[in-house]
Structure formats: C-alpha cells, structure tokens
Participant: 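Handing you this structure, nothing more for now.
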Amino acid sequence: MVTAQQLQQQWADMDASRARRIQRDTATQIRLSDDLPPVRTVAGVDVGFENADTARAAIVVLDYRTLEPLDYALARLPVAFPYVPGLLSFRECPVILRALEQLRVAPDVLLCDGHGIAHPRRLGIAAHLGVLTGLPAVGVAKKRLTGRHGEVPEGRGEWTPLLDRAGDTLGAVLRTRVGTRPLIVSPGHRTDLATALELVMACTTRYRLPETTRWADGLASNRGQRWLARLDALR
DNA sequence: GCGACAG
DNA sequence: ATCTTGTCGC
C-alpha cells in the first residue's frame with residue numbers, strides 16, 4: 001500500500017491541472033457496491049492545523065454499538081500542498097495515512113470530514129482515502145462543494161438527494177438534528193448511499209455531528225488536550 | 001467573462 | 001482550517 005512519505009514527496013508542489021488528472025484517474029477505482037463486513041468498529045478522521053505549516057491528523061476508532069473510543073492515533077506533518085477547493089485530499093491525505101499507520105485497532109469503515117463522491121470529479125477526500133487504503137469510507141461534510149438539492153425535511157434522520165447537473169445522485173443532505181443545518185453525506189468507497197446514511201445516523205446521538213467526527217475534530221484541533229484527557233478518563 | 005468554492 | 005467572548009435561545 002502507499003505510504004504517507006511517498007505521497008508527501010510525490011504530491012508536494014504538484015500543479016493543479018496534474019492533480020485533477022490524477023483525480024479523474026483514481027476515481028475509476030472507486031467501488032460503490034455495499035461490500036462492508038459486519039460493522040463492529042467505526043473511525044472518525046479529521047485534520048487540523050497547528051499553524052500555517054504544520055498539519056495534525058486525528059483518527060479515533062469507536063465501538064459501533066456503544067460509540068465508546070477503542071483506540072486513537074495522532075500524526076503531524078509539514079504542510080506541502082495549499083488548500084484549493086476540490087483538491088483537499090492532496091493537502092490532507094499524507095498526514096492521515098501517517099496516523100492510520102499508527103493505529104492498533106483496525107476500523108471497519110472510515111467516516112471522513114469532507115465529501116466522498118459529492119465532488120466535481122467524484123473524488124472527494126473520503127473517496128480518495130478509501131481507494132488509497134482499500135477501506136470502506138464515507139464522506140461527512142458540513143458544507144456543500146458541488147451539486148444541487150431541494151428543501152430538506154425538518155425531521156431528524158430525514159434527507160434529500162444531492163444531484164449533479166445530469167440528475168445523478170451524488171449523496172444526501174441529511175438532517176441529523178432538528179433545528180440545525182443539515183450535513184452532506186456521500187459514499188466514498190465500498191459503500192452505497194443507503195449504508196452511508198445508516199452509518200452516520202447510527203453514530204449520531206444528541207449533536208449535529210456524529211460522534212466519530214466530534215472526537216476526531218476535537219483531537220485534531222488546538223483544544224485537543226481537552227479531548228485527550230477525556231480519553232484517559234475512560235481507561 | 002461571471003459566480004461557486006469541502007477543510 | 002484559524003484568530004476568539006459573550007450571548008441568544010430551548
């Protein structure tokens with residue numbers, strides 16, 4: 001499998017047009033059939049920035065049934081790619097892979113911060129990460145990147161499809177909690193939309209964001225110390 | 001050429 | 001993403 005080091009060097013300072021070419025090429029390897037094993041562990045994946053040139057990835061593996069943390073990993077790496085809408089994975093995948101290498105408990109599926117196939121070239125960070133690792137992956141984003149949709153029903157768990165120009169379904173705009181902005185869920189790799197929605201709802205309790213992303217978000221951010229203390233308290 | 005634009 | 005306190009509302 002590809003290592004974080006390889007990508008870090010290989011993608012450093014790569015021009016946008018070449019990156020898009022890689023995306024169109026990599027997107028052909030995505031499998032959207034639902035072939036996940038019985039899910040017992042789910043991982044939250046996110047990246048934060050300590051400063052302008054240091055990225056920090058956080059991965060937290062939760063027990064799918066109880067949503068209790070089973071394992072986690074953190075990784076730091078110099079930023080080698082700018083943030084360009086549509087090219088997020090080139091900036092964040094290297095650190096994430098570095099963190100995945102440290103994990104001791106293997107996750108059955110990855111819930112990533114960002115989109116799956118709800119992307120201009122169908123290769124959001126969740127899809128890219130899925131292909132790179134071979135693991136089932138789902139995209140959970142707080143904002144839309146591409147696609148259009150109608151009004152979203154107000155009930156918890158209700159959703160509306162996110163469509164592209166041709167009318168193909170890219171994902172779903174999901175209301176995880178009443179009274180808050182909906183999330184955008186899209187399959188990344190080895191999952192279909194129905195399963196992606198099921199996974200996200202199963203990981204969501206009383207907040208807008210699923211527990212997976214809440215943990216990963218917290219640990220990747222600058223208040224990560226707070227969340228580390230919570231993990232220790234559970235042991 | 002004019003908007004839109006994950007984290 | 002990140003810089004940051006209080007504050008409006010259930």
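Since this is a predicted model, take the numbers as computed values, not measurements. Letters go in sequence order (proteins before strands), and every chain restarts at 1. Side-chain atoms are counted along with the backbone in the values below, which use heavy atoms only and exclude waters and symmetry mates.
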Participant: Calculate the interatomic distance between Q23(A) atom CD and dC5(B) atom P; express it in whole Å.
Facilitator: 18 Å
Participant: Could you check, using the six-membered ring where one of them is a Trp, whether F90(A) and W11(A) have ring centers closer than 6.0 angstrom?
Facilitator: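 When the ring centroids of F90(A) and W11(A) are compared, they turn out to be within the sub-6.0 Å range.
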Participant: Could you tell me the separation between the CZ atom of R165(A) and the P atom of dG3(B), rounded to a whole number of Å?
Facilitator: 16 Å
Participant: Does N51(A) reach a base, just sugar-phosphate, or nothing at all? Heavy atoms under 4.0 Å.
Facilitator: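 No contact.
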Participant: Using a cut-off of 4.0 Å on non-hydrogen atoms, how would the nucleic acid contact of I184(A) be classed: base, sugar-phosphate, or nothing?
Facilitator: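 Nothing, no nucleic acid heavy atom in range.
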Participant: Using atom CZ of R122(A) as one end and atom P of dA6(B) as the other, report the distance to the nearest whole Å.
Facilitator: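 Rounded to the whole Å, the gap is 16 Å.
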Participant: Has H189(A) got a side-chain atom pairing as donor or acceptor with R31(A)'s backbone, closer than 3.5 angstrom?
Facilitator: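 Flag set: sc H189(A) to bb R31(A) pair under 3.5 Å.
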Participant: Between N222(A) and dC3(C), is there a side-chain N or O to OP1/OP2 distance below 4.0 Å?
Facilitator: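 True: N222(A) side-chain N/O within range (under 4.0 Å) of dC3(C) OP1/OP2.
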Participant: Would Y83(A) count as stacking on dA1(C) if stacking means ring centres less than 5.5 angstrom apart and planes tilted under 30 degrees?
Facilitator: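 Answer is no, no stack.
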Participant: Which pair of non-hydrogen atoms, one from E211(A) and one from L67(A), has the smallest distance, and what is that distance?
Facilitator: CG-CD1, 4.0 Å
Participant: Heavy atoms under 4.0 Å, any strand shown: does L123(A) hit a base, just sugar-phosphate, or nothing?
Facilitator: nothing
Participant: Expressed in angstrom and rounded to an integer, what is the separation of H115(A) atom NE2 from dA1(C) atom P?
Facilitator: 13 Å
Participant: How many Å lie between CZ on F81(A) and P on dG7(B), as a whole number?
Facilitator: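 Result: 17 Å.
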Participant: Please give, in whole Å, the distance from dG7(B) P to F90(A) CZ?
Facilitator: 18 Å
Participant: Looking at R144(A), does any N or O in its side chain come under 4.0 Å of the phosphate oxygens OP1/OP2 on dA6(B)?
Facilitator: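 Negative; the distance criterion is not met.
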Participant: Counting the atoms with a prime plus P, OP1 and OP2 as sugar-phosphate, which does G139(A) contact under 4.0 Å by heavy atoms, base, sugar-phosphate, or nothing?
Facilitator: nothing
Participant: Using atom CZ of F49(A) as one end and atom P of dC3(C) as the other, report the distance to the nearest whole Å.
Facilitator: 12 Å
Participant: Within less than 4.0 Å of OP1 or OP2 of dC5(B), is there a side-chain N or O belonging to K143(A)?
Facilitator: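 No, outside the criterion.
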Participant: Is D108(A) paired with R40(A) through a side-chain N to carboxylate O contact shorter than 4.0 Å?
Facilitator: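 Here R40(A) does not pair with D108(A) in a salt bridge, since their nearest N and O are not under 4.0 Å apart.
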Participant: Could you tell me how far apart L88(A) (CG) and dA6(B) (P) are, to the nearest whole angstrom?
Facilitator: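 Computing the L88(A):CG to dA6(B):P distance gives 9 Å.
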Participant: If we check side-chain contact (heavy atoms from CB on, under 4.5 Å) with D71(A), which of these qualifies: I59(A), L231(A), L103(A)?
Facilitator: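 Answer after filtering I59(A), L231(A), L103(A): L103(A).
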